[in-house]
Each structure stands twice: as structure tokens, then as C-alpha cells.
Amino acid sequence: SLNDRPRSGRPRTKSTSATIRRVKQLLRRNPRRSMKSMSKDLGVSPTTAFRIAKKYLGLKAYKKVQVQMLSAKDKDRRKAKASTLLKRFTDDEVDRIIFSDEKMFTVSERVNRQNDRVYAARKEDLPQAALKFRKAEFPAKIMVWGAVCSRGTLKLKFVDPGTKVNSDYYQNEILDPVLLPEARRLYPDGDWCFQQDGAPSHTSRTTQAWLRNHVPAFITKDEWPAKSPDLNPLDFSIWGMLEAKVNSRSHTSIDSLRKTIQREWSLLSADTVEKAVRVWRKRLRACRQAKGDHFEC
């Protein structure tokens, strides 16, 4: 006989073949459809709809991420410059690049609304403070200049609140007193290359001239692709990890924030930094393959 034998356990009443087919049709039409709205249309619970999507259809939920707007020209330039950088730097030569960037940190706590949970038997058992976090309308903040390379991290430079980072400040307060001695410490043989993004103080005529006169090599303003935080190890890796640790709680002052940033920066492992630098060429290839558009590695 080809009839099914009697089975143990309660038979399925909601996750039927017809319901599974219906879920597949609905998600094919609109992949952004919420489980709650779909469950109402199907007459099942959101849990059942989610189980069908995950268990029977093998689907996963992916979060949308915020990215920069890229025009057709931006994409063409990103693709062309990614190809040029791939030709200029081999895997071994990436080890001598010092990547730099600025980051704004605030005193406010950074909360992941999706994953930050507090467990208790009853909500009433928790103090009210455990379920709340303070968010100031205009939190105090401080800008930090940082740099990394395959050999580790460079000394941080904190920019005092209210300071305008123009070409003179960038050259006299960051490049000359911080970058040069730190680069000599990490590369005593003098064989290193400097990277920076396209901020006005970086691409100005005087800054480009300063770099030509003071550093062994650097990626010029015409070589680095604009609107490309996904190609800077600090942007796509290091800053995010640092911010998660620094802003796991709120800070009472800029001084407290500064000390925490400094402490967590010093605790970054050499292996973590090296891995972020090592994937740079992989991301350049991904950018080229995506024809300059956004990509995921």
C-alpha cells in the first residue's frame, strides 16, 4: 500500500501544503511583507507564518542597511578607481598602507533595539531603569582621528569640540605631530603609504603638497574613490566595533567618553586590525564586480 502509516504526535493543522504554497506566493509578490499582516490574511498565528517561511521554505530575514546615494557617474568612478588600486597594490603591498579616518562619538548610549533585551520572569520584577535608556536631544560629542595598518593601531587624535578641522589644523595638529612619528614607529624602514578620504581639508592643494613633501607615498585625491566608506577598514569594521564597546552605556561627560575611547582603542587586538586590513583587496574586487555599486562581502 502507498497510504501513510499512522504517525505519533499531533497532526499538522495549520502548516498544511496549501498554507505553505500560499505563504510562498505572498512573499514572492512582496518580500517585505510582515509576518503579522500575512498571518491575518492566512488566518494563522505570526509564529506559524514565521515557521513556514523559515522551516518549510528555507527563507531568512535580512535587515535593510542605510547606504550612501550613488549616481551612475559615482558608480563608474568607484569601479574605475577600485580597478586602479588593485593594480597598484598587491597583497604584500597592502601591508604597508596606513588607513585613516575621522569618527564622531557621542556621550549617549547606543542601543540595538532588535537584540538588546532584559530577561525576567515578570516585567514587574524589573526596576524601571532597566527598561529605559536616556537619549539627549543634542548629546555632547567629540571627533576622533584614527589610523590603522596591518601592524596595529596608531595613536588617536581627539579634536576639541568647536574646532574647525581646516587644512592648517589637519597638517599642523594631526599629520605632523601624530601621523609622522607613529608611522616611523611602525615602519622604521620608512616604507609606508598613507590613505585618507576626500574631506576638503584632505584634498586641498596645500595638504596634497604637504603629503608630497613629507610622506614616502600616499593615495592621492584623484585615486581614492569618493563615497566609499565600504572600502576603508576603519569605516567598514573598526569604528563599528569600537562604538559598540564605547557606547554600551551612556557617559556623564566628554572626559569620561574620551577615556573610554582611549581604553577600548588600546584593547583592540592586533589580529582584529590585521584581518580588517587584509580584506581590503577583496572588497576592491567586490566593488569592481558590482560595477561600482554597493556590495556585501
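Computed from a prediction, not measured in an experiment: that's the story for all the values here. We count residues from 1, following the sequence as given.
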Tell me, please, which residues at least two apart from [X] pass side-chain contact (heavy atoms from CB on, under 4.5 Å).
{"X": "Lys24", "value": "Arg28, Leu57"}
{"X": "Thr47", "value": "Ser45, Arg51"}
{"X": "Asn30", "value": "Arg32, Arg33"}
{"X": "Pro229", "value": "Gln68, Asp235"}

Fill in: Pairs where residues 170-179 contributes a residue and the test side chain to side chain donor-acceptor pair (under 3.5 Å) is met, not counting sequence neighbours
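Every pair satisfying side chain to side chain donor-acceptor pair (under 3.5 Å) with a residue in residues 170-179: Tyr170-Gln196, Gln171-Thr206, Gln171-Thr207.
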
Residue pairs, two or more places apart or on separate chains, that pass salt bridge (charged side-chain N to carboxylate O under 4.0 Å, His left out) and touch [range]:
{"range": "residues 180-190", "value": "Glu182-Arg185"}
{"range": "residues 202-223", "value": "Arg88-Glu223"}
{"range": "residues 190-203", "value": "Arg96-Asp191"}

Check residues 141-164 and write down every donor-acceptor pair under 3.5 Å in which the side-chain atom is one partner and the other belongs to a residue at least two apart or another chain.
{"from": "Ser150", "atom 1": "OG", "to": "Asp95", "atom 2": "O", "distance (Å)": "2.8"}
{"from": "Arg151", "atom 1": "NH1", "to": "Leu186", "atom 2": "O", "distance (Å)": "2.8"}
{"from": "Thr163", "atom 1": "OG1", "to": "Asp160", "atom 2": "O", "distance (Å)": "2.9"}

Worksheet item: Considering residues at least two apart in sequence or located in another chain, which fulfil the salt bridge (Lys or Arg N to Asp or Glu O under 4.0 Å) criterion with Arg22?
Response: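 Arg22: no salt bridge (Lys or Arg N to Asp or Glu O under 4.0 Å) contacts found.
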
Worksheet item: Who passes salt bridge (Lys or Arg N to Asp or Glu O under 4.0 Å) against Asp230, sequence neighbours left out?
Response: Arg78

Fill in: For Thr84, side-chain hydrogen bond (donor to acceptor under 3.5 Å, both in side chains) partners two or more places apart
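Counting only residues at least two positions away or on another chain, Thr84 forms no side-chain hydrogen bond (donor to acceptor under 3.5 Å, both in side chains).
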
